[in-house]
Amino acid sequence: RSSDLSNREMAGRILLFRPFWLARWSSTSSESRKSLDKILVANRGEIACRVMRTARRLGIETVAVFSDADRESLHVKSADEAHYIGASESEKSYLNIDKIIEVAIQSDAKAVHPGYGFLSERAAFAEECEKAGIVFIGPPAPAIRSMGDKKEAKILMTEAGVPLVSGYHGDDQSNGRLKEEAKKIGFPVMIKAVLGGGGKGMRIVNKESEFDDELESARREAKQAFGDEQMIIEKYVEKPRHVEIQVFADSLGNAVYLYERDCSVQRRHQKIIEEAPAPGVGDRVRRELGLAAVKAAKAVGYVGAGTVEFIMDVDQKFYFMEMNTRLQVEHPVTEMITGTDLVEWQIKVASGEALPLKQEQIPLTGHSFEARIYAENPSKSRLSLKHWV
């Protein structure tokens, strides 16, 4: 039912299934589980249900929140208790930080899991949780903020020695300066919104004569979507592959990678097929990708689950694009090939435990896919609906 769908990346999955319960966590401390004995899930639909399933298996109580549209939704019925937080519009409910914190305190929740979408990558939300004495099951606010700003992220990655595509990430945002930098880089180039995501504020420019119009178009879209029109210019990698690495870090300084997902099959810069492991990627390149991703995570003091995205050329040279500071929609693809439960890892790491496995102990078995189905309005030539079935 539509009321049971998640906010942005919706509904179900098509997967070749390897049960994630094959590998279980041996807790380093019996006290850590007690410290997070009740979790509020600040989301709805599929991801809320996903988090609750793992919490229930761990003996942790769950608190759901819901808007007018979700009174009868599955995530509300799945939780131990549920609280109304506002009208159907997300700004009045699932994006209402003050209300969610209020419910967390009233319900005596020890932690908040943000899911994906909504407030999952809002540094302000992580900070408000901390102020209220509630554990945020996610990375520290400074890491969210640093990786959410593409310009700052590129600077940090340069300092950390993570491979980058040549480009301009400067403060001079005049149209003339951006065009000059594009000419220096050499066409084709990619225009990207500094605060962008999901393909918004992104344009490929094949020749100089197209640059001015594409820049203005990207600025308008970025301003509308993110409230900011700053841009970066990068060399466009032709015939690219989109390969991302699942990373995980704990608060004790340990970090590992759980191999790659290939997300190259896309429509309008939106993923359609996610596949793990990536076809044609050998052990050497896989290791290089993983080590670069861990280096990126450590550079920002990362804790928890994150995804480092790379663009790969035809010679399998790869370059950092961005880091998603949350659990990805496609995380089950990684769970299938590694025999892990990444939500369990999130909860245990948030409680202060060490990662359960060292890098050499993480298996890679089998192959898995996730597929998303898109419905578009051909007469208007635009995306009108996106979700899974």
Side-chain angles (χ1 to χ4, degrees), residues 6 13 15 17-43 45-64 75 78-80 109-116 120 126 129 134-140 245-252 254-259 261 276 294 297 302-307 324-359 361-366 368 370:
S6 181
R13 295 186 173 85
L15 291 170
F17 189 79
R18 180 175 189 265
F20 59 68
W21 56 79
L22 293 180
R24 282 287 178 247
W25 187 300
S26 297
S27 294
T28 56
S29 168
S30 61
E31 295 300 315
S32 61
R33 180 175 297 180
K34 294 179 182 177
S35 67
L36 299 185
D37 58 3
K38 194 173 191 178
I39 294 174
L40 183 148
V41 183
N43 216 297
E46 187 276 335
I47 185 57
C49 294
R50 166 71 186 89
V51 173
M52 291 171 189
R53 285 196 298 271
T54 290
R56 185 180 305 113
R57 179 173 59 77
L58 297 175
I60 298 171
E61 292 183 64
T62 56
V63 180
H75 79 280
S78 299
D80 293 290
K110 302 300 189 297
V112 169
H113 194 301
Y116 46 67
S120 62
C129 287
I134 299 166
V135 174
F136 178 75
I137 302 179
I245 298 289
Q246 177 72 59
V247 293
F248 227 105
D250 62 29
S251 58
L252 305 176
N254 304 304
V256 297
Y257 61 91
L258 291 92
Y259 311 113
R261 298 184 290 256
V294 167
Y302 203 82
V303 176
T307 297
N324 293 306
T325 54
R326 55 173 167 80
L327 194 68
Q328 289 279 86
V329 175
E330 59 269 24
H331 74 274
V333 178
T334 293
E335 291 179 326
M336 297 303 108
I337 65 165
T338 58
T340 56
D341 181 339
L342 295 183
V343 173
E344 181 178 1
W345 283 40
Q346 285 188 298
I347 293 170
K348 297 299 186 63
V349 163
S351 73
E353 292 197 34
L355 293 175
L357 298 175
K358 297 182 184 299
Q359 187 62 61
Q361 297 174 313
I362 300 173
L364 195 169
T365 305
S368 63
E370 178 171 291

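Note: hydrogens, waters and symmetry copies are ignored here, and every other heavy atom, side chains too, is used. Nothing here was measured: the structure is a model prediction, and the numbers come from that model.
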Q: Start with the C-alpha distance between His75 and Val41, add both sets of side-chain angles, then the distance that settles side-chain contact (heavy atoms from CB on, under 4.5 Å), and finish with yes or no.
A: CA-CA 9 Å; His75 79 280; Val41 183; over 6 Å; no

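- Put simply, the side chain of Glu335 does not reach to within 4.5 Å of the side chain of Ser368, judged on heavy atoms.
- Using a 4.5 Å cut-off on side-chain heavy atoms (C-beta onward), Lys38 and Val63 make contact.
- Taking 4.0 Å as the cut-off between side-chain N and carboxylate O, Glu344 and Arg57 count as a salt-bridged pair.
- Side chain of Asn43 to main chain of Ala48: no donor-acceptor pair is present (N/O by atom type, distance under 3.5 Å, no hydrogens or angles).
- Under the ring pair (Phe, Tyr, Trp, His ring centres under 6.0 Å) criterion, Tyr302 pairs with no residue at all, not counting sequence neighbours.
- For the side-chain contact (heavy atoms from CB on, under 4.5 Å) with Ile137, the qualifying choice from Val349, Ile39, Val112 is Ile39, the only one to do so.
- Side-chain contact check for Val303 versus Pro140: some heavy-atom pair is nearer than 4.5 Å.
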Q. What's the verdict on side-chain contact (heavy atoms from CB on, under 4.5 Å) for Leu342 and Gln246, showing C-alpha distance, side-chain angles and the deciding distance?
A. CA-CA 10 Å; Leu342 295 183; Gln246 177 72 59; 3.9 Å; yes

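- Pairing each heavy atom of Ile245 with each of Tyr257, the nearest pair is CG2-CB, 3.7 Å.
- Leu357 has its side chain out of reach of Val256: every pair of non-hydrogen atoms, C-beta onward, lies at least 4.5 Å apart.
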Q) After noting the C-alpha distance and the side-chain angles of Asp37 and Lys110, does the key distance pass the side-chain contact (heavy atoms from CB on, under 4.5 Å) rule? A) CA-CA 7 Å; Asp37 58 3; Lys110 302 300 189 297; 3.4 Å; yes

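- Residue Glu330 holds its CD atom at 8.0 Å from CG of Asn324, rounded to the nearest 0.5 Å.
- Heavy atoms only, all atoms of each residue included: Pro356 and Gln361 are closest at O-OE1, 4.3 Å.
- Residues Val51 and Thr62 are not in side-chain contact: their nearest non-hydrogen atoms beyond the backbone lie 4.5 Å or more apart.
- Checking Lys348, Arg53, Arg50 one by one against Asp341, the salt bridge (charged side-chain N to carboxylate O under 4.0 Å, His left out) holds for a single residue, Arg50.
- Shortest non-hydrogen contact noted between Ile60 and Ile347 is CD1-CG2, 3.8 Å.
- Between Pro114 and Arg326, every side-chain heavy-atom pair lies at or beyond the 4.5 Å cut-off.
- Note that CG of Leu36 is 11.5 Å distant from NE2 of His113, once rounded to the nearest 0.5 Å.
- Contact record, Glu353 with Asp250: O-CB, 3.8 Å, taken as the closest heavy-atom pair.
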Q. What's the verdict on side-chain contact (heavy atoms from CB on, under 4.5 Å) for Ile362 and Phe248, showing C-alpha distance, side-chain angles and the deciding distance?
A. CA-CA 12 Å; Ile362 300 173; Phe248 227 105; over 6 Å; no

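- Put simply, CH2 on Trp345 and CG on Leu258 are 4.5 Å apart, with the number rounded to the nearest 0.5 Å.
- Between atom CG of residue Asp80 and atom CZ of residue Arg56 there is a gap of 7.5 Å, rounded to the nearest 0.5 Å.
- Closest heavy-atom contact between Gly115 and Ser120: O-CB, 3.4 Å.
- Under the 4.5 Å side-chain criterion, counting only non-hydrogen atoms from C-beta, Tyr259 is not in contact with Thr334.
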